[in-house]
Every structure is written in C-alpha cells, then in structure tokens.
Amino acid sequence: MNKLKKALMVVISFALAVTLVVCIPVYTGAAKKPSLTKSIMLEKGNATELKVKNISEKTKVKWSSDNKAVATVSGKGKVTAKSMGIAEITAEISGKKYTCTVKVIQKMFLTKKIQIETGDSTKLILKNAPKDVRVKWSCDDVVIADVSSDGTVTAKMEGTARVTASVSRIKYTCKVNVVKKSLGSYDGDIYYTTPADYRTKRTDVTYGEVKTMQYYSTTTEKERRLKVVLPPGYTEEKKYPVMYLLHGLGQDDTDWLNANAPVIIGNMIHAGTAKEMILVLPNCRARANDAAGPADVFALSNYQAFDNFINDLRDNVMPFIKENFSIMEGRENTAIGGFSMGGRTALYIGMSMQESFGYIGGGCPAPGIFAYTGNGVTEPGLFTQETFCLKPEYAENTLVLIVAGKSDNMVGNYPESYHNALEANHSRHIWYKYSGGHDLNVMDNFLYNFATRAFTDNIQPAK
C-alpha cells in the first residue's frame with residue numbers, strides 16, 4: 001500500500017511540474033512594425049523587387065509610383081527603371097503608407113576580365129558610376145591580388161581572383177588573371193614612357209578653359225553637345241591647331257574629361273612637350289538617341305552610330321569649330337584620335353579622310369576596321385586588309401599611331417591586326433604595346449604619346 005502511495009505521489013508531482021512548465025508564459029517582445037527600404041539605386045532598364053518586411057504573406061499591399069516615366073511598380077512590388085531621374089515608390093497597407101526613393105542612373109560598365117603580371121598594378125574604372133556615391137571595391141582572394149579604395153588592382157601571386165565594384169545594390173565583377181612576370185616579353189613601350197606626374201594637376205600650371213557647347217547636326221537633325229578645351233591664354237589674336245578626341249563605346253563627350261585630358265595637355269603645354277592646341281571632345285554616337293550608356297550599347301545599331309559620326313564631324317562639327325574659334329586649317333594642323341570604340345572611329349575617319357587629317361591615333365582600337373564576328377554581332381568591316389593603308393601622296397607626311405594594352409582582354413588582338421595590315425601595306429606608322437589592360441593608364445599613355453607628336457615632324461617610330 002505504501003509503495004502504491006509513493007508511486008501515485010511521483011506521478012502527481014511530475015504532472016504538476018509539466019503543468020507549470022506549460023503554463024509559464026514566455027515573453028517574446030513587441031511585434032516588429034512593417035518597414036520598407038528607404039532608398040535604392042537602379043540602372044535604367046533594370047528591375048528589382050521591393051518587399052515590405054514584418055508582414056504576413058496574406059497581407060494586402062497596394063503599390064504605386066509617383067513618377068511612372070522614371071520607374072514603374074507592379075502589384076507585387078517589382079520596380080522597373082524607365083529613365084534617369086528620381087521616383088518615389090509607395091507601399092500602402094490598411095491606409096498606412098511606406099515609401100522608398102528610387103534613383104535611376106545610366107548603365108555602368110566594368111571590364112569583365114584582365115590579365116596582369118605579378119608585381120604590376122592597374123586601375124579599374126566603373127564607367128558611368130555616379131560622382132556623388134562611393135564605389136566599394138573588394139577582392140575575393142587577397143592572396144592573389146589586392147584592390148584599393150580607388151579601384152587599383154595589384155597582382156601578388158599567380159592565380160585567379162575576382163574584383164567586385166559595388167554601388168548600392170548593384171555589383172559588377174572583373175576576373176583578374178595573375179600570371180608570372182615575363183622576363184623576355186616584347187617591351188615596345190620602353191620608348192613611349194610618360195613622366196611620373198604627367199596627369200597630376202599642379203598649382204604652378206595654368207590650365208585652359210573647358211567649354212560645353214551646342215551645335216545643330218544635319219546628320220541627326222537635332223542639337224548636339226560637345227566639349228572644347230582651350231589652351232591656356234587662348235586669344236583670338238592667334239590661331240591654333242585642333243585635335244579631335246573620340247570616346248569609347250558606352251561613353252559621351254565627358255569621357256576624355258574624366259580621363260584627365262585637360263590636365264595632361266595643360267601640363268604638356270607648360271613643359272613644352274606639346275604644341276598649344278584646341279581639344280574638341282564630341283559625342284560620337286551620331287543618331288537621335290545619343291545618350292551615354294544606351295540599352296543597345298553592345299548592338300550593331302550602336303556601332304553604326306559611331307560609323308555615322310564621319311558625316312557629323314565633316315558636315316557639322318568641323319565647320320562649327322572653324323566658325324567659333326581661331327584655328328589653323330589644313331591637314332598639318334588637324335589631328336584625330338580616340339580610345340576603344342573611339343580609337344576604331346578615329347582610325348576609320350582619319351584613314352578615310354587623309355586629305356583632312358595629318359595625325360591619326362588609335363588607343364586600344366575596337367574590332368570593326370576589318371570584317372569580324374563577335375559578341376553576337378557580325379560586321380562587314382570598314383576596310384579590307386588591302387585598302388587599310390596610307391595613300392602615296394600622304395605616306396611620308398602622316399602620323400599613324402596605334403597603341404595596345406599588353407593585357408587587354410576586351411579588344412584582344414584586333415589592334416595588332418591593324419598594325420599587321422599597315423606593315424603588310426608598307427604604310428609607315430608607330431605601333432607599341434603598353435603595360436596594362438583596357439584601362440585609364442593605357443588611355444592616358446596613348447594621349448601623351450599622340451599629343452607629343454601631333455603638329456610636329458616627329459612621326460617616325462622610335463628606335
């Protein structure tokens with residue numbers, strides 16, 4: 001009997017303990033309030049989905065945009081960027097509103113792949129990144145390569161790393177292939193070096209005025225914009241030679257300003273390594289939609305707009321410059337150069353209009369001078385291998401300069417194919433490869449070496 005009582009007491013005690021455990025309330029804190037991201041940045045043409053946090057899946061949300069021309073929003077919170085500007089997206093829940101400011105920017109571009117030798121450095125640039133925001137750079141393998149806050153990549157040891165540029169939610173990645181430093185590779189750039197501070201703005205140097213101007217284009221039937229960089233102390237009492245500098249595929253007339261052109265030329269004029277000259281920085285996308293970063297940036301339609309610039313330059317830009325500035329005329333006083341797609345366009349225009357240009361330069365020129373197929377695009381070529389040459393009457397008094405980055409994986413071997421054609425056609429020219437990729441270092445080196453030879457008799461290859 002005593003044993004039975006003891007057993008019952010144990011059961012009752014266990015039941016009471018379980019009841020106490022079950023009945024003791026657990027404090028979990030106050031329920032979180034609904035919230036929506038305050039602001040985002042979105043590239044034109046892209047989309048992202050906004051979600052209100054801390055609500056159940058069954059909660060009804062009414063979405064709206066106060067500026068549908070800039071950004072629209074679907075019933076499920078999908079925001080689509082339509083045009084550059086600012087729109088406010090609102091999520092309404094039971095009469096309460098939550099807002100997110102959407103800033104729509106133009107598309108940004110980062111080189112997809114570079115090759116760099118151990119110990120070397122090169123600077124990556126996120127093209128079209130807004131100036132008022134910080135680009136955050138990171139590398140997934142700091143043993144292979146480092147990246148600084150300004151996008152400078154330093155190769156440390158052989159291998160592959162990925163460098164990422166981040167702006168708000170937007171990320172771009174460049175594959176960095178680090179190879180062993182070569183000992184006996186082609187070093188054509190030993191004759192084409194630059195001073196250490198050639199692109200540094202100095203307090204003891206006077207720089208010329210940069211003017212933004214509008215002209216009417218009969219080619220595109222609209223007003224178009226260009227930049228003009230005047231030499232320091234510009235006066236109508238003197239006449240100056242003119243250099244036209246052409247921008248890359250996704251850029252516009254601001255590209256060479258961002259690449260330090262006014263500072264480089266100002267320093268060179270001050271040092272006596274370049275003639276006083278007027279720089280003209282036009283928009284080479286000669287069509288109605290001539291904005292930078294177009295949706296069809298890698299399409300044939302965009303490439304053809306660059307080819308069409310030969311008409312705009314000849315019929316509108318050059319007459320406009322002659323009318324508005326005190327210039328020296330004639331091919332011996334007129335130069336054209338460019339980088340990337342601008343390099344291809346400069347070679348096309350210069351070699352097509354040899355009677356107008358005595359100085360022609362292509363920095364890392366893009367494919368298209370000859371027929372090719374690449375990136376889903378086929379072009380018939382602006383020249384054949386046989387027709388890409390200097391005419392006999394201009395063979396001895398024309399500068400043709402072509403530069404390639406030693407590790408340029410964007411335009412690959414196309415620049416060298418242009419050099420090979422000129423070589424085969426016995427057309428005298430300057431050709432060299434410079435340490436770096438499809439980047440600002442090669443771009444600025446090209447400008448320095450082109451400008452130091454422009455409007456002079458120094459048109460022979462270095463020996």
Do the non-hydrogen side-chain atoms of R225 and T212 ever get within less than 4.5 Å of each other?
yes
Please answer whether the main-chain N or O of N333 pairs with a side-chain N or O of Y240 as donor and acceptor at a distance below 3.5 Å.
no
If we only count heavy atoms from C-beta on, is the L281 to V228 side-chain gap below 4.5 Å?
no
Nearest heavy-atom contact between A165 and L126 is CB-CD2, 4.1 Å
Distance-only side-chain donor-acceptor flag, S217 / D312, under 3.5 Å
yes
Check whether any side-chain N or O of R331 sits under 3.5 Å from a backbone N or O of Q354 as a donor-acceptor pair, and report yes or no.
yes
Are N425 and S427 close enough that a side-chain donor and a side-chain acceptor fall under 3.5 Å?
no
Just so I know, are the side chains of Y414 and P365 near enough to count as touching, which here means a heavy-atom distance under 4.5 Å?
no
Between D307 and R344, does any NZ, NE, NH1 or NH2 come within less than 4.0 Å of an OD or OE carboxylate oxygen?
yes
Nearest heavy-atom neighbours spanning G405 and C364:
N-SG, 3.6 Å
Flag yes if more than 12 heavy atoms outside K78 fall under 6.0 Å of its NZ atom; otherwise flag no.
no
Might you confirm whether atom NZ of K391 has over 12 heavy atoms from other residues, nucleotides or ligands at distances under 6.0 Å?
yes
Over all heavy atoms of both residues, which pair between P231 and I269 is shortest? Give the atoms and the distance, please.
CB-CD1, 4.4 Å
Derivation of the side-chain contact (heavy atoms from CB on, under 4.5 Å) call for Y172 and F109
CA-CA 8 Å; Y172 284 90; F109 304 93; over 6 Å; no
Among pairs that include at least one residue of residues 262-274, which meet side-chain hydrogen bond (donor to acceptor under 3.5 Å, both in side chains), considering only residues two or more places apart or in two chains?
Y207-N267
For the salt bridge (charged side-chain N to carboxylate O under 4.0 Å, His left out) test, which of D290, D253, D252 pairs with R224?
D290
Stepwise side-chain contact (heavy atoms from CB on, under 4.5 Å) test for V179 and T118:
CA-CA 6 Å; V179 297; T118 53; over 6 Å; no
Looking only at the aromatic ring of each residue, does the gap between the centers of Y192 and Y448 stay below 6.0 angstrom?
no
Under 3.5 Å, is there a donor-acceptor pair between the side chain of N324 and the main chain of F320?
yes
Do N311 and T219 have a side chain donor and acceptor closer than 3.5 Å?
no
Spatial distance of atom NZ (K103) from atom OG1 (T101) [nearest 0.5 Å]
11.5 Å
Looking at G436, is its backbone amide N or carbonyl O close enough to the side chain of T122 to form a donor-acceptor pair, meaning the two atoms are under 3.5 Å apart?
no
Review item, side-chain donor-acceptor pairs of residues 135-147, under 3.5 Å, at least two apart:
residue	atom	partner	partner atom	Å
D140	OD1	R162	N	2.8
D141	OD1	V143	N	3.2
D146	OD2	K156	NZ	3.4

Short N-O contact, K322 and E329, less than 4.0 angstrom:
yes
With a 4.5 Å heavy-atom cut-off, do I336 and M243 have their side chains touching?
no
Report the distance from atom CG of N445 to atom CD1 of I264, rounding to the nearest 0.5 Å.
9.5 Å
Minimal non-hydrogen separation, L226 against P282, with atom names:
CB-CA, 3.8 Å
Would you say N302 and R285 are linked by a side-chain donor-acceptor pair, where the criterion is simply a distance under 3.5 Å?
yes
Do M108 and K127 touch side chain to side chain, with heavy atoms closer than 4.5 Å?
no
Reported CE-to-CD1 distance for the pair M353 and I360, which is rounded to 0.5 angstrom
10.5 Å
Inspect the surroundings of NZ in K107 and state if more than 12 heavy atoms from other residues, nucleotides or ligands are less than 6.0 Å away.
yes
Atom CD in E117, atom CG in N177: separation rounded to 0.5 Å?
11.0 Å
Side chains of T378 and T373 only: does a donor on one sit below 3.5 Å from an acceptor on the other?
yes
Hey, is CG on D197 packed in by over 12 heavy atoms from elsewhere, all under 6.0 Å?
yes
Should H419 and F388 be marked as a ring pair (Phe, Tyr, Trp, His ring centres under 6.0 Å) after you check the CA-CA gap, both sets of side-chain angles, and the distance that decides it?
CA-CA 10 Å; H419 151 66; F388 189 64; over 10 Å; no
Is there a donor-acceptor pair closer than 3.5 Å between any side-chain N or O of T235 and the backbone N or O of E237?
yes
Short question: side chain of N375, backbone of V377 - any donor-acceptor pair under 3.5 Å?
no
Check whether any side-chain heavy atom of K433 sits under 4.5 Å from a side-chain heavy atom of E416, and report yes or no.
yes
Could you list all the ring-ring contact (aromatic ring centres under 6.0 Å, His included) pairs where at least one residue sits in residues 332-363, not counting sequence neighbours?
F339-H438, Y359-F455
Run the ring-centre check on F306 versus H247 and record whether the distance is less than 6.0 Å.
yes
So CD of Q385 and OG of S417: to nearest 0.5 Å the spacing works out to 6.5 Å
Is the side chain of S83 donor-acceptor paired with the backbone N or O of A69 at a distance under 3.5 Å, no angle test?
yes
Are S121 and T152 close enough that a side-chain donor and a side-chain acceptor fall under 3.5 Å?
no
Got a donor-acceptor contact below 3.5 angstrom from the T452 side chain to the N449 backbone?
no
Within this structure, what is the CG-CG distance for the pair N289 and D296, rounded to the nearest 0.5 Å?
7.0 Å
Hey, is K211 close enough to E209 for a salt bridge, meaning N to O under 4.0 Å?
yes
Any side-chain heavy-atom pair from I459 and I430 closer than 4.5 angstrom?
no
E323 atom CD, neighbour heavy-atom count above 12 within 6.0 Å
no
One thing to verify: whether K238 and E276 come together as a salt bridge, which I'm taking to mean a side-chain N less than 4.0 angstrom from a carboxylate O.
yes
For residues L257 and P262, determine if any side-chain heavy atom of one lies less than 4.5 Å from a side-chain heavy atom of the other.
yes
Please report the C-alpha distance between K175 and T160 in whole Å, then the side-chain angles of each, then the deciding distance to 0.1 Å, and finally whether the side-chain contact (heavy atoms from CB on, under 4.5 Å) criterion is met.
CA-CA 7 Å; K175 182 179 178 182; T160 300; 3.5 Å; yes
If you draw a 6.0 Å radius around CD in Q214, do more than 12 non-hydrogen atoms from other residues or ligands fall strictly inside?
yes
Worked verdict on M351 versus L422 for side-chain contact (heavy atoms from CB on, under 4.5 Å):
CA-CA 11 Å; M351 297 298 280; L422 291 171; 4.0 Å; yes
Using a strict 4.0 Å threshold on nitrogen-to-oxygen distance, state whether R199 and D444 make a salt bridge.
yes
Quick one: does S340's side chain have a donor or acceptor within less than 3.5 Å of a partner on G342's backbone?
no
Do other residues, nucleotides or ligands put more than 12 heavy atoms under 6.0 Å from K275 NZ?
no
Side-chain (N316) to main-chain (T218) donor-acceptor, under 3.5 angstrom
yes
